[in-house]
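When reading the values below, keep in mind they use all heavy atoms of this one structure, side chains included, and skip hydrogens, waters and symmetry mates. In what follows, chains are A, B, ... by sequence order, proteins preceding strands, each numbered from 1. Not measured: the values here are computed from a predicted model.
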Amino acid sequence: MAERRSGDDIVTEYLDQNPHLVEWVESLRGVHETNKQWHARREFVLRNMETFPMLQPGFPSPSLDKLLSLSMCWANHIFLGCRYPQPVMDKIKEMGEGVVIHDVPVLKTRDEIMGKGKRSSGSDIDGCSKRTKTGPSESRPGNTFKQGPSAQAPAEHQPFFNRLYKAVAWKLVSAGGFGPNLDHFEILRACTESLKETLICIFVPLKDIPDLPAARTQIEGQVCELRCQTVYLGTGYGRDEAAARSMASKEALKVFQGRKVTVKICRRRFNGRDVEDLVLLDDQPRNPGFPPAISYPFQAEQEGDGPS
Amino acid sequence: MGVPAFFRWLSRKYSSIVVHCLEENAKECNGVRIPVDTSKPNPNEVEFDNLYLDMNGIIHPCTHPEDKAAPKNEDEMMVAIFEYIDRLFNIVRPRRVLYMAIDGVAPRAKMNQQRSRRFRASKEGVELVDEKNRIREEILQKGGYLPPDEIKERFDSNCITPGTEFMDNLAKCLRYYVADRLTNDPGWKNITVILSDASVPGEGEHKIMDYIRRQRAQPHHDPNTHHCLCGADADLIMLGLATHEPNFTIIREEFKPNQPRPCALCGQKGHELKDCQGVAREKKGEHDEFADSMPASEQEFIFIRLCVLREYLERELTMASLPFPFDFERSVDDWVFMCFFVGNDFLPHLPSLEIREGAIDRLVGIYKDVVHKTGGYITENGFVNLERVELIMEAVGVAEDNIFKKRKEDDEGFKRRNKEKKKRMKAQQRGPAYLTGGQFAPQALGGRGRPEVVQNARHQAFDMRMQGRDQMNRDAAQSLKAMMKNGGQAGTSDGQDGRGVKRKVEDSDSEPEPEDVVRLWEDGWKQRYYKTKFDVDATDDEFRKKVVKSYVEGLCWVLRYYYQGCASWKWFFPFHYAPFASDFKDIKGMFTDFELGTKPFKPLEQLMGVFPAASGNFLPETWRSLMTNPESSIIDFYPDDFAIDLNGKKYAWQGVALLPFVDERRLRAALAEVYPNLSIEEIKRNSLGSDVLFVGKAHPICDFIQELYREEVKEGTEMPAELCHGVQGTLNLDEDPIIPDKLVRSPVPMLRDIAHNSAIGVKYRDPQFDDNYVFKAVILPGAKLAAKVLKPGDWERGNNRGRGNWRPQLGFNANRQQAHLDQSAFRTLGHSINRQQQGGGQYSSTPPPGNYHQGNYGRPAHGSGGGHSPAFPYSRQQGLMGAPPPYKPPQQYPSPQRGGGGGGGGHGWNRSMQTQGTAYQQNLQRGGQGQGGYTQHRGQDDRSRGHTDNRGAHQSYNSGRGYALPPPSRRYNWS
């Protein structure tokens with residue numbers, strides 16, 4: 001609460017000091033804007049005024065329109081749920097820094113509604129959207145402000161996994177087929193290493209994971225995530241690290257039971273956000289419902305470091 | 001109008017307004033197609049004077065049809081449009097005027113809706129292509145077969161917006177088309193054609209209304225002109241009523257719910273894209289002889305007779321013992337106004353008024369209740385009396401709480417029933433009959449899904465028992481197969497551990513419903529609604545008032561738009577949601593008048609206002625970059641992705657798209673910078689055009705126009721009224737006119753140039769009136785009202801002396817001549833029908849052919865399920881030739897027809913008749929009357945006639961109809 005006060009206070013104070021701006025800034029208000037929306041946008045406009053040196057309060061000018069346009073982008077993003085091309089998003093994020101809004105409405109964009117089948121349902125329940133105080137930069141789930149894998153990444157990794165697929169297939173044949181009594185980790189490790197790659201295991205204590213399905217809230221235990229060449233293979237739970245790793249390998253090997261494996265970019269939860277991740281999939285059309293990622297190798301800026 | 005349910009509701013409640021069209025088809029003789037001579041009398045036994053085409057209702061289905069393959073290129077689209085117009089012309093056969101109106105730039109009030117449609121269409125188009133590619137790949141991997149994908153560019157339906165090259169082309173093509181028909185078609189010889197293309201501002205239907213309104217207001221107008229307006233929008237009905245012309249008919253494609261659409265991938269019907277399996281087509285019939293005989297596959301047309309609707313309304317609205325004289329015309333206007341509360345293109349509908357929940361009946365009830373308080377009508381000539389509106393709103397507001405509670409109850413009941421139905425349906429087999437199921441179901445090569453043994457036998461046994469109970473008449477072996485197949489599927493998807501499958505809580509394919517946070521059925525709904533929809537606190541009265549004020553303005557604007565024309569091009573409703581009826585307090589002073597002298601957008605400006613960035617290719621380059629460049633000063637109008645509030649609905653396309661509103665000032669300012677970049681061609685496309693009037697050489701006014709060209713008259717010339725059936729207007733010379741004996745080049749390569757053109761074209765302008773002129777919403781003096789069609793309320797059988805012989809009426813003509821079958825015809829019939837066949841008799845389980853009364857809306861159309869059900873001519877024979885219906889007099893065959901033929905004033909059976917070959921059935925009914933046996937069956941008529949749902953009677957008529965497949969020939973031999 002205190003923080004919001006200050007936000008409004010700053011504006012009031014500023015306008016007290018610059019009374020000539022009051023009338024002008026009020027003339028920028030749209031008919032459809034609520035007080036809340038307008039106050040936020042007003043702050044946005046006033047905060048960014050000096051970055052538009054050509055702007056002269058009281059006179060229409062292209063730079064004023066540019067500022068207004070960006071302020072509308074920002075407000076539309078926060079209050080209506082619109083998304084703009086990435087350069088615009090980056091810009092308004094930067095400009096909106098410091099403007100604090102309470103109680104940001106939770107909205108689903110059309111893409112999110114249409115792509116619902118692709119994402120694990122139920123994982124939306126996270127603290128992010130319910131926070132009472134949120135800066136705009138992290139107000140909306142689904143913003144890909146963070147860097148993800150590049151669009152060509154799947155194609156780059158695909159040849160390796162084609163080879164891995166073959167290696168696994170032969171290994172399983174010699175082991176007598178896929179079944180519960182194998183040492184799944186050994187098989188996967190041997191195969192990756194035979195192709196001169198390493199299998200990366202990331203362990204996290206179960207209790208450190210914020211947004212797990214409610215059914216898995218046993219406090220004890222470890223979670224293991226397997227990746228190879230940054231591509232996600234599988235996640236497993238277990239009493240200790242070895243058991244978790246074994247489960248994760250078993251999950252990963254299930255993917256290799258299909259007719260082929262494909263590297264794709266999929267949306268997953270990571271640290272309470274939706275991120276794009278590289279994932280290995282089989283050819284079965286189904287709802288993947290990934291468990292939340294516990295590591296994320298595609299971060300450019302280390303702003304939210306995961307518990308890795 | 002944004003109320004798809006409106007027409008359905010209307011046609012169910014006032015069923016006699018619908019009349020099926022009779023259409024004469026072109027004949028073929030020795031391989032030569034003989035076109036229909038439209039100068040012959042209209043087979044519908046009515047003559048229309050004017051035909052108005054709301055062209056957008058034609059352009060859309062012709063350019064991206066839903067029920068057949070899309071045309072390959074623009075030329076094919078144009079030809080499809082020409083054919084469609086020809087078809088309409090053949091049905092309606094106007095004798096005086098053909099008015100074609102394409103949507104021009106719309107008022108700002110419409111822009112929000114247009115934006116939302118175009119932003120969605122753009123995303124949907126891309127998604128469909130992606131989905132198709134994905135599924136195609138999947139199917140091919142599994143070894144399925146799909147016909148090769150023709151490489152064609154995706155047609156972006158967004159180009160059907162004024163200002164695009166496509167629309168410009170279309171206008172050129174239509175000019176050519178008109179010139180061609182005026183020159184070559186005898187039916188067009190004497191008519192006046194007015195073409196109002198996309199360069200003339202205004203929505204198509206409103207341009208038409210403007211034309212009618214202005215013609216009515218000038219002294220030479222013939223008050224008994226018979227108008228026929230073509231278009232599917234429900235608001236055409238409102239517009240038609242608003243004209244107060246006594247003879248007004250609307251023609252539209254018959255709405256058939258749940259029509260099977262071909263799968264976008266394999267082109268077969270019976271499944272949707274996402275269920276496509278890429279299997280070979282199943283044979284229809286033993287030798288695949290029914291391959292293309294999808295029942296009722298061609299779109300039929302229906303007429304909607306507004307004079308009959310007026311009759312119905314007169315009954316419903318007439319009030320006795322009023323403190324003021326009752327004027328039916330005024331009450332019609334009020335009715336039209338109240339329909340706007342339920343939905344229109346310009347305002348979101350009030351949350352408590354839902355057409356499916358009988359909102360209009362509720363409003364009419366309230367209207368009659370409060371009339372004593374209001375002391376008069378709520379509208380006059382399109383101007384609203386807000387004090388009286390407030391009283392109506394107050395009454396609605398009182399009921400609001402209960403409406404929401406009832407809605408919740410109904411909704412839950414519906415969900416429950418739906419779930420049960422789904423359960424039943426799920427048990428039925430899917431896929432073609434030759435596909436084996438269970439253990440023997442086809443499996444992808446090398447796939448993981450190996451056939452599995454039956455798991456959890458108890459569960460399967462239970463399912464089988466349950467299914468057996470529901471479907472006594474199903475073939476046991478088949479259902480067993482189906483069960484095993486379902487079991488097999490479950491096993492492959494999640495039974496990998498080899499353990500038993502637990503029953504799931506919910507159907508796997510039922511998506512979780514989004515949580516409704518507003519919960520209108522619980523206390524505190526108003527606060528929650530304003531909080532979630534507008535993001536304001538309940539205490540913010542000022543904001544709420546602002547919304548109500550805008551809505552009140554909106555109601556005034558809409559009514560004015562319908563009765564007087566566009567009052568302000570600028571006004572719009574700046575919110576995404578409507579307020580509650582109970583919020584309409586002290587609205588009297590909320591509206592005074594609209595800003596005068598507003599101007600419409602230019603076409604390209606409007607494109608900038610309604611297009612998403614993805615459709616920017618229709619715009620000049622520098623204009624386009626304003627939609628994408630992060631430095632653009634209007635970049636906020638063009639989000640990539642936007643939120644959709646499902647608002648209690650299930651699908652994204654039903655929800656409210658939360659798009660930002662366009663700031664007109666900023667748009668104009670930004671465009672001012674790029675205006676200099678327009679090419680000459682683009683400048684031309686961006687300018688406002690004019691209506692064009694065409695006539696053929698034989699028309700009396702042709703010489704007059706030719707004279708104008710010869711003398712090169714510069715200023716506008718009034719049309720002499722006597723030359724053109726009293727049509728008035730101003731003529732101006734066209735810069736590049738179509739003139740007799742001047743070659744008209746064909747814009748479509750597959751059509752010939754017109755070498756000996758005999759048409760002439762000239763710019764046309766509607767009669768102009770003073771700015772303050774008020775068009776009167778009254779019946780004109782000299783107008784003759786149409787004859788009554790409905791059964792008089794106090795009419796009784798046998799007690800009709802002195803009040804004329806009322807008789808149910810089909811079609812337009814009360815005294816239509818009925819044809820009959822002679823003796824030999826019946827011998828032939830009897831011969832061709834197997835009399836030994838003892839089908840289910842009269843109460844056979846075969847359903848009657850789809851009709852409105854049977855509540856067929858929710859059910860898939862017959863035969864849609866991939867051909868398990870027999871094609872319906874066969875099924876119907878059974879019902880007929882079994883035990884004769886009890887009312888059937890024993891003497892001869894024609895008698896059962898009389899009851900049905902005379903009685904079915906509703907269009908229920910009529911529809912099946914249309915699909916089965918019309919002329920033949922016509923003959924049957926005529927037989928009834930011809931034999932003079934009418935009166936003795938009147939009792940029967942009566943029963944089916946009364947609008948109390950006498951379903952039993954209808955059923956038996958239906959199954960008792962259809963003697964056999966009628967011969968394909970059609971004869972129109974009434975005189």
Side-chain angles (χ1 to χ4, degrees), chain A residues 30-37 60-77 79-92 103-117 121-122 142 180 254 257-260 282-287, chain B residues 119-120 123-124 127 134-135 138 141-142 444-449 493 496-497 511-512 514 517 532 534-537 540 542-543 546-547 550 574-576 613 628 630-646 651-652 655 657-661 663 665-666 669-670 673:
Chain A
V31 268
H32 55 277
E33 276 180 301
T34 65
N35 287 336
K36 177 172 150 186
Q37 289 167 0
S61 69
S63 13
L64 171 66
D65 284 354
K66 221 171 269 179
L67 172 60
L68 288 180
S69 180
L70 288 168
S71 75
M72 285 308 296
C73 285
W74 177 79
N76 291 341
H77 173 61
F79 297 109
L80 287 185
C82 296
R83 284 185 44 78
Y84 290 89
Q86 200 55 48
V88 182
M89 295 302 276
D90 292 343
K91 194 158 183 183
I92 57 173
D103 217 357
V104 179
V106 186
L107 298 153
K108 266 199 167 166
T109 70
R110 191 176 173 287
D111 283 354
E112 280 167 339
I113 292 173
M114 300 309 288
K116 200 159 50 175
S121 47
K254 276 186 186 168
Q257 300 306 300
R259 217 167 70 105
K260 64 169 195 178
D282 59 7
D283 55 352
Q284 297 283 311
R286 65 194 151 92
N287 182 356
Chain B
F119 272 69
R120 286 174 206 237
K123 284 189 103 59
E124 276 160 17
E127 273 160 20
R134 191 175 62 76
I135 293 183
E138 238 166 52
Q141 273 180 9
K142 282 186 187 164
L445 282 178
R448 181 168 47 156
S493 59
Q496 279 160 8
D497 320 340
E511 285 163 42
V517 283
T532 40
F534 293 99
D535 197 13
V536 295
D537 293 322
D540 196 345
E542 208 174 312
F543 183 81
K546 211 157 71 176
V547 179
S550 296
F575 303 95
H576 292 106
T628 48
E631 294 295 309
S632 151
S633 60
I634 50 171
I635 187 69
D636 55 314
F637 304 164
Y638 310 102
D640 272 353
D641 192 11
F642 47 88
I644 290 208
D645 176 18
L646 290 176
Y651 300 104
L658 299 179
L659 283 167
F661 299 104
D663 179 343
R665 186 196 65 76
R666 221 146 27 85
E673 310 261 300

Run the salt bridge (charged side-chain N to carboxylate O under 4.0 Å, His left out) test against B:E127 and tell me which residues pass, sequence neighbours left out. A:R110
Could you have a look at B:R120, B:R665, B:E542 and say which one has the most heavy-atom pairs with chain A under 4.5 angstrom? B:R665
Below 4.5 Å, heavy-atom pairs only: which of A:P60, A:P85, A:A75 has the largest tally toward chain B? A:P85
When the 4.5 angstrom heavy-atom criterion is applied to B:S632 and chain A, the contacting part is backbone
Find the distance between NE2 (A:H32) and NE2 (B:H576) and round it off to the nearest 0.5 Å. 8.0 Å
With a 4.5 angstrom heavy-atom cut-off, which part of B:D540 approaches chain A: side chain, backbone, both or neither? side chain
Calculate, to the nearest 0.5 Å, the distance between atoms CG and OG belonging to A:L67 and B:S633 respectively. 11.5 Å
Please classify the contact between B:F661 and chain A as side chain, backbone, both or neither, with a heavy-atom cut-off of under 4.5 Å. side chain
Given B:L658, B:D535, B:I135, the one with more heavy-atom pairs under 4.5 angstrom with chain A than any other is B:D535
What part of B:I635 is in contact with chain A, defined as an atom under 4.5 angstrom from a non-hydrogen atom: side chain, backbone, both or neither? both
Looking at A:T34, A:L70, A:V31, A:V88, which one has more heavy-atom pairs under 4.5 Å with chain B than the rest? A:T34
If you take all heavy atoms of A:Y84 and B:D636, which pair is closest and at what distance? OH-O, 2.7 Å
If you tally heavy-atom pairs under 4.5 Å against chain A, which of B:T628, B:D641, B:D640, B:D537 wins? B:D641
Set of salt bridge (charged side-chain N to carboxylate O under 4.0 Å, His left out) partners for A:K91, sequence neighbours left out: B:E631
